[in-house]
Number of protein chains: 2
Amino acid sequence: MALVLQRAIALLRIFSAETPEIGLSEGSRLAGESKATVYRLLTTLCESGLVEWVPARKTYRLGPAVLELARVREATVPLVSVVEPVLEEMQEQTGETCHFSRFNGSAMAVVASVESRRVNRITMVGVDALPLCTTAAGQVFLAFADPRIVADALARTGIAGRDLELARQRAGQVRDQGYATVDHFEDEQIFGLACPVLGRNGRFLGALAVTAPPSRNTEQHFRAILGSLHEGCATLTTCLPD
Amino acid sequence: MALVLQRAIALLRIFSAETPEIGLSEGSRLAGESKATVYRLLTTLCESGLVEWVPARKTYRLGPAVLELARVREATVPLVSVVEPVLEEMQEQTGETCHFSRFNGSAMAVVASVESRRVNRITMVGVDALPLCTTAAGQVFLAFADPRIVADALARTGIAGRDLELARQRAGQVRDQGYATVDHFEDEQIFGLACPVLGRNGRFLGALAVTAPPSRNTEQHFRAILGSLHEGCATLTTCLPD
DNA sequence: TTCTTGTGGTTCATTGAGTGAACCAGTGGT
DNA sequence: ACCACTGGTTCACTCAATGAACCACAAGAA
């Protein structure tokens, strides 16, 4: 029910760090709706400020109203304002890029990130969603979140057969050792280490992660990062609602 | 057109710092829609994560998805990340609570704020919208924004006759002296001082403001605040897009 | 120049999605 | 036992959403 709303929301979600602005035809194509429909939806969204028309490029992009909504959400359920100081502290301790992400129904959505100050570092600019199977944060979700939610999430990715078995196996490993590591992302050599953040009731809330160039993954540094992660997780467990 | 969408957006905007959670009946009342309609809209919004169901209190509130949208918007058009450091600097210089707000179609929406560290201070907790006529930020908008937008905004407030004349007069004063001051907000004695932030093309972008207990409004402190404001405005003019 | 192919935007007859009155079932207070 | 609230659900009616077909325009090619 409320198909129009669903369409409109799907349209909103098309906007991302990779495609921050879309034209009418492009939006129509991406959303799989007729141009007339997309036009009507976007114009209505523009009226409210949720979307913005960019005359210079004849495109649409997310509008300032989403910031207002986010501010209200943050005032209702503080998340970023709680997570950010923890990430700052971790960045201080490890010197590396740190981030916190939550499952949003299809991937791990980056909630907040603090970048390393080193010249050779992992950047989070333009990254707003992390895949479930190929990132440390995602693997931590697969290992520690409610099995039903995980099963549902895996089903949606379309992963099946041998790959599905491997993912489950990997989740088991991660669950056993309490953290996940990866040594690459897509085609780049990247070291990633993530731990689960659980609420006071034990429910999975999100993943706290540190990423660095693989050259810095020495045994000593690894232990320092893991220590910082554990500390951060403990803080968040006590400070986050739920 | 797209009436359903308009209804849904109106519903989203009901959530505020003052009413962060609403029940079904309450929402139906506030939105002026039938319970069935509101139920359908809220459930659909919940599916996408834009709204969240709170079982403990049997209410709805804004969901985590709005944070994701805000992150994308912020990556597209940096605003908070630009304004926040400026506010920090101003708070350092003046010792007072500083904030930046933008016109959102009906009021000045607070984009970012940094609170004073003094014991007696003005807090921005639970404040997300500032009225146009009774706050320094609002008066700055009335004085410096595009006259057509201002006229439209004033019309919507329902202000007319003598009060409208007074507002216009006040806007003239503010335009002449380049800043706005107020000595109270609602029934509280509060000192407020605001300056307009204009884009490189001269268009009004928002209001930069400092607020303090009236007892601290000495001539010397006033000059310090005004200086800090001018500095902040200059920075924002060069750093903000548009 | 002219043709093609793209864009953003608009129209309008058709129809199915959205609507709300009326309906549960539950709860807390009197 | 009653009342006045909740949150949630049903279903016949109808009006709002839909998309094919339509502009006007712009950029590129022949």
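Note that the structure is predicted; figures quoted are calculated from it, not measured. So you know, we letter chains A, B, ... as the sequences are listed, proteins then strands, and number each from 1.
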Report yes if a side-chain nitrogen or oxygen of A:S34 is closer than 4.0 Å to either non-bridging phosphate oxygen (OP1 or OP2) of D:dT18; otherwise report no.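 Checking D:dT18 against A:S34, no side-chain N or O comes under 4.0 Å of OP1 or OP2.
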Please pick, from [options], the nucleotide with the shortest atom-to-atom distance to any side-chain atom of [X].
| X | options | value |
| --- | --- | --- |
| A:L24 | D:dG8, C:dG9, D:dA17 | C:dG9 |
| B:R29 | D:dT6, C:dG18, D:dG8 | D:dT6 |
| A:E33 | C:dG18, D:dG19, C:dG8 | D:dG19 |
| B:A36 | C:dT19, C:dG8, C:dA21 | C:dA21 |

Stems involving DNA chain D: give each as a range paired with a range, ordered by first number, where a stem means at least three consecutive Watson-Crick or G-U wobble pairs under 3.5 Å.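 Correct response: C:1-8 with D:23-30, C:10-22 with D:9-21, C:24-30 with D:1-7.
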Judged by each residue's nearest nucleotide on DNA chain D, which is more toward the 5′ side, B:I22 or B:L5?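 It is B:I22, whose closest nucleotide lies nearer the 5' terminus.
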Roughly how far apart, to the nearest Å, are [N] and [M] at atom [atom1]?
| N | M | atom1 | answer |
| --- | --- | --- | --- |
| D:dA21 | D:dC25 | P | 23 Å |
| C:dG20 | C:dC24 | C1' | 16 Å |
| C:dC23 | C:dT19 | C1' | 15 Å |

A:F144 ring center within less than 6.0 Å of A:F204 ring center: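 No: the rings miss the under 6.0 Å criterion.
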Tell me which of B:T37 and A:K58 sits closer to the 5' end of DNA chain C, going by the nucleotide each one is nearest to.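 In this pair, the answer is A:K58.
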Of B:R7 and B:K35, whose closest DNA chain C nucleotide lies nearer the 5' terminus?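 Whichever sits nearer the 5' end wins; that is B:R7.
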Any salt bridge linking B:R13 with A:E68? Criterion: basic side-chain nitrogen under 4.0 Å from a carboxylate oxygen.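 Judged by the 4.0 Å cut-off on N to carboxylate O distance, B:R13 and A:E68 do form a salt bridge.
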Between [X] and [Y], a side-chain donor and acceptor under 3.5 Å:
| X | Y | answer |
| --- | --- | --- |
| B:T44 | A:Q6 | no |
| B:T123 | B:E115 | yes |
| A:T37 | A:S34 | yes |

Send over the distance from [X] [atom1] to [N] [atom2], rounded to a whole Å.
| X | N | atom1 | atom2 | answer |
| --- | --- | --- | --- | --- |
| B:L41 | D:dG7 | CG | P | 15 Å |
| B:E21 | D:dT6 | CD | C1' | 16 Å |
| B:R57 | D:dT6 | CZ | P | 17 Å |
| A:Y39 | D:dC23 | OH | C1' | 13 Å |
| B:R40 | C:dG18 | CZ | C1' | 6 Å |
| B:L42 | D:dG7 | CG | P | 10 Å |
| A:L3 | C:dT15 | CG | P | 18 Å |
| A:Y60 | C:dG8 | OH | P | 8 Å |

pair B:I149-B:F141: side-chain heavy atoms closer than 4.5 Å: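 A side-chain contact under 4.5 Å exists here.
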Would you say that B:T134 contacts B:V182 through its side chain, given a criterion of any heavy-atom pair below 4.5 Å between the two side chains?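 Contact flag for B:T134/B:V182 side chains = no.
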Only one of A:F15, A:Y39, A:W53 clears ring pair (Phe, Tyr, Trp, His ring centres under 6.0 Å) with A:Y60; which?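 Of the listed options, the one satisfying the test is A:W53.
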